[in-house]
Amino acid sequence: MKVIHVSAECYPAAKVGGLADVVGALPKYQTNLGYEAAVVMPYYDNKQSKSTKYTVDYTGSVTLADQAYQVQVLKVTDSLKTLGYFLYQVKIEHLLDRENVYGYDDDTERFIAFQKVVLDWMLQFKSTPNIIHCHDHHTGLIPFMLTQAVKYQSMRGVPTVFTIHNAQYQGEFSFEKLSYLPEYNLEQSGILEWDYAVNPMAAAIKACWKYTTVSPNYMNELPHASTGLDWLFDTEREKSVGILNGIDADVWNPSTDKMIAKNYNVRTVEAGKKANKAALCEKFNLDPNKPLVAFIGRLVYQKGADIMAGIFDRALDANDVNGLVLGSGDPHAEYLLNELKNKYPGRYNTFIGYDEELSHLIYSGADFLIMPSRFEPCGLNQLYALRYGTIPVVRTTGGLKDTVKDIGEKGGFGIRHEHVSVDDVALAITRANKLYNDTTEFKRIRKEIMKIDNSWENSASEYIDLYNLIAK
Ligand code: ADP
Ligand code: GLC
């Protein structure tokens, strides 16, 4: 059995958020289950690609209207050994090979070209893959092209799975750009259309064989989540499955993690967290004797970025706790979080930017991690926090609801709140502070959460079961 994952991100080659973590780990676990798994993603001109060795697997060209681009599909040398799966990267000169993953005016063109090259590359395979697994809207036109485009007729029978990591981003573009797509019967344009535009997310839902969400609860929410596609999610529900994300237990392992100050496990958690907290507090001029509440993430509306400074302001005013934020995104949120440093010197700090190493130190050194998300398809931060003995404080939504149980419930280990408001989150932090001061209970929970197994092992086989339902 051979599965090819198609994605815009894959850790460590390129990461913006959790999509990269998922695509960088799931195939490894599938390989362990006896599947031949590969990932194909764009080649970006970033630090990682500059230090990677490649061999050329395919050379060709791709056209968008009358503009032609030179193309290579590069195979990462020894990736099966180093990553646990085969990794291929599509290089399209002057279009896709830029430093960042997203954020360019021509992102539509970049990802249409990427998807066409992926299929052109597959056309010359001796045997077609058993499953093509597409992730998020940047790959959402592949199920459509496979079933409709004249050029890819020979691959029409290859089953596709489409995973929704975030239904808020749909990649819509105007029908003016229709000529970028390969030839198909125009009567089928309805498959592409949503709200008078081409909508790759909607097209994928309509054209794929099965679609999944990254948690079961997010699947339940989608028909009334106001993404604009509610009706579609409702009517297509029969071909959907919610499969909870896992974590890469090799990368996110406090007993071997090279990015933290001191390694630890369940038995040594007290000393381990203390050392990491000391290192973190020293770096950010915080008090290691106070409970440390942290946030890590993209500073966007989804994550509650607009009220993040307000949350910490209220929580620090009401409780004797320290706060730390690592993130970047909305400039106004960044500004307010930077300003807060002046109001609470020695008690609060902000690091604006993206820093993988620092994130590991925070997971290991903080006492609590807040996730006041407006919606959260799965969320990986809370799973990493649990593995590192950091208690999650989360909004009851999406995958957060599936993975965190409130301390008020039997067997509970985290803190949940219903609403995304300064009051609600600050109140949850007050509950966290109370738990911290109940030392015995706090230490007990800390040990318990480290034992929870959220690794990919279970979910990887759920995907395999799904493949087996549809694979030829
Ligand atoms: P999303 O994909 O919506 O951003 P997830 O919780 O699924 O949310 O995953 C976020 C991933 O990105 C985690 O691995 C988290 O540690 C990482 N991350 C987010 N922001 C930063 C940052 N500023 N620096 C380092 N890592 C970050
Ligand atoms: C998306 C979601 C996040 C999820 C991640 C990986 O970025 O926002 O909740 O964990 O994808 O599936």
Side-chain angles (χ1 to χ4, degrees), residues 5 7-12 14-26 101-102 133-139 162-170 201 211-219 221-222 225 227 242-248 251-252 257 259-260 294-305 308 324-330 333-334 337 350-366 369-388 390 392 394-395 397-404 454 456 459 463:
H5 293 268
S7 171
E9 300 178 38
C10 176
Y11 180 82
K15 170 169 169 176
V16 176
L19 169 64
D21 289 359
V22 169
V23 179
L26 171 61
V101 177
Y102 320 112
H133 189 153
C134 301
H135 297 265
D136 267 355
H137 76 82
H138 318 95
T139 63
F162 179 72
T163 293
I164 303 168
H165 294 262
N166 195 334
Q168 190 195 18
Y169 305 110
Q170 299 166 6
M201 170 76 61
Y211 68 93
T212 70
T213 52
V214 288
S215 71
N217 190 41
Y218 187 55
M219 182 65 78
E221 290 173 353
L222 277 181
T227 57
I243 301 179
L244 194 65
N245 278 341
I247 66 173
D248 187 329
V251 174
W252 298 94
D257 193 332
M259 300 189 214
I260 64 178
F295 170 85
I296 299 172
R298 296 179 293 117
L299 292 174
V300 295
Y301 184 76
Q302 173 190 348
K303 308 283 177 183
M308 198 60 71
L324 178 64
V325 168
L326 162 63
S328 64
D330 175 52
E334 291 180 355
L337 288 163
T350 311
F351 184 98
I352 298 296
Y354 185 92
D355 190 327
E356 191 74 26
E357 197 163 326
L358 177 57
S359 77
H360 285 242
L361 186 62
I362 297 178
Y363 289 119
S364 66
L369 186 89
I370 63 165
M371 297 180 75
S373 304
R374 291 211 164 70
F375 64 94
E376 198 59 80
C378 179
L380 296 170
N381 297 18
Q382 80 281 13
L383 305 180
Y384 300 146
L386 292 168
R387 187 100 207 275
Y388 284 71
T390 299
V394 305
R395 157 102 195 281
T397 187
L400 299 174
K401 190 173 174 189
D402 283 332
T403 53
V404 177
N454 278 313
W456 266 111
S459 304
Y463 278 110

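All ligand and atom numbering here is 1-based and tracks the order in the structure.
Between V16 and ligand 1, no N or O atom pair is found at a separation short of 3.5 Å. For G18, a nitrogen or oxygen atom sits less than 3.5 Å from a nitrogen or oxygen atom of ligand 1, counting backbone and side chain alike. Every N/O-N/O distance between W252 and ligand 1 stays at or above 3.5 Å. At under 3.5 Å, not a single nitrogen or oxygen of E356, backbone or side chain, sits near a nitrogen or oxygen of ligand 1. An N or O contact shorter than 3.5 Å links N381 to ligand 1 by distance. At least one N or O atom of G353 sits closer than 3.5 Å to an N or O atom of ligand 1. Among the atoms of K303, none of the N or O lies under 3.5 angstrom from an N or O of ligand 2. In terms of polar-atom proximity, defined here as any N/O pair under 3.5 Å, G379 does make such a contact with ligand 2.
Counting heavy atoms of neighbouring residues, nucleotides and ligands inside a 6.0 Å radius, atom OH of Y301 does not exceed 12 of them. More than 12 non-hydrogen atoms from other residues, nucleotides or ligands lie less than 6.0 angstrom from NZ of K15.
Distance check: L383 CG to L244 CG gives 7.0 Å after rounding to the nearest 0.5 Å. Note that CD of Q168 and CZ of R374 are 10.5 Å apart. Values are rounded to the nearest 0.5 Å. Between atom CG of residue N245 and atom CG of residue L19 there is a gap of 9.5 Å, rounded to the nearest 0.5 Å. Summarising the geometry, atom OG1 belonging to T397 is positioned 7.0 Å from atom CG belonging to N217; distances are rounded to the nearest 0.5 Å. Within the model, atoms CG of L369 and CG of L324 stand 10.0 Å from one another, a figure rounded to the nearest 0.5 Å. Here the straight-line distance linking atom CD of E357 with atom CG of D257 works out to 9.0 Å at 0.5 Å rounding.
Ligand 1 has Y384 within reach: a non-hydrogen atom of the residue lies less than 4.0 Å from it. Under the 4.0 angstrom criterion for non-hydrogen atoms, K15 is in contact with ligand 1. The shortest separation from a heavy atom of G379 to ligand 1 is under 4.0 Å, placing the residue in contact.
When atom types are taken as modelled, the side chain of Q170 and the backbone of M201 share no donor-acceptor pair closer than 3.5 angstrom. Side-chain atoms of E376 do not come within 3.5 Å of backbone N or O of P372 as any donor-acceptor pair.
Counting atoms of ligand 2 from 1 in the listed order, those under 4.0 Å from a heavy atom of N166 are 8 (O). Of all atoms in ligand 1, numbered sequentially from 1 with element shown, those under 4.0 Å from a heavy atom of D21 are 13 (C), 14 (O). Taking every heavy atom of G327 and a limit of under 4.0 angstrom, the matching atoms of ligand 1 come to 23 (N). Listed by number with element, the atoms of ligand 2 under 4.0 angstrom from any heavy atom of V214 are 12 (O).
Ring orientation note: the planes of H133 and Y463 are tilted relative to one another, at an angle of 30° to 60°. Using cut-offs of 30° and 60° on the angle between ring planes, the pair W252 and Y363 is perpendicular.
Of the protein's heavy atoms, R298 NE, 2.7 Å lies nearest to atom 4 (O) of ligand 1. From the protein, the heavy atom lying nearest to atom 25 (C) of ligand 1 is D355 O, 3.3 Å. Nearest protein heavy-atom neighbour of atom 3 (C) of ligand 2: E376 OE2, 3.4 Å. The shortest contact between atom 27 (C) of ligand 1 and any protein heavy atom is with Y354 CE1, 3.3 Å. Among protein heavy atoms, atom 19 (C) of ligand 1 sits closest to G297 CA, 3.6 Å. Atom 8 (O) of ligand 2 has Q302 NE2, 3.1 Å as its closest protein atom, hydrogens excluded (heavy atom only). The protein heavy-atom contact nearest to atom 5 (P) of ligand 1 is L380 N, 3.6 Å. Summary of contacts: the protein heavy atom closest to atom 2 (C) of ligand 2 is H165 O, 3.2 Å. Nearest protein heavy-atom neighbour of atom 16 (O) of ligand 1: Y363 OH, 2.8 Å.
For the residue pair Y11/D248, the side-chain donor-acceptor check at 3.5 Å is not satisfied.
F375 is listed as a side-chain neighbour of N166, based on a closest heavy-atom distance under 4.5 Å. Contact annotation: the side chain of H5 never approaches that of T163 to less than 4.5 Å [non-hydrogen atoms, C-beta and beyond].
Contacts of N245 with ligand 2, taken as heavy-atom pairs under 4.0 Å, involve the side chain alone. The part of V22 lying near ligand 2 is the side chain, judged by heavy-atom distances below 4.0 Å.
For P377 against Q302, the heavy-atom pair with the smallest separation is CD-NE2, 3.7 Å.
Which of K303, Q382, M371 comes nearest to atom 8 (O) of ligand 1 through a heavy atom is settled by distance: it is K303.
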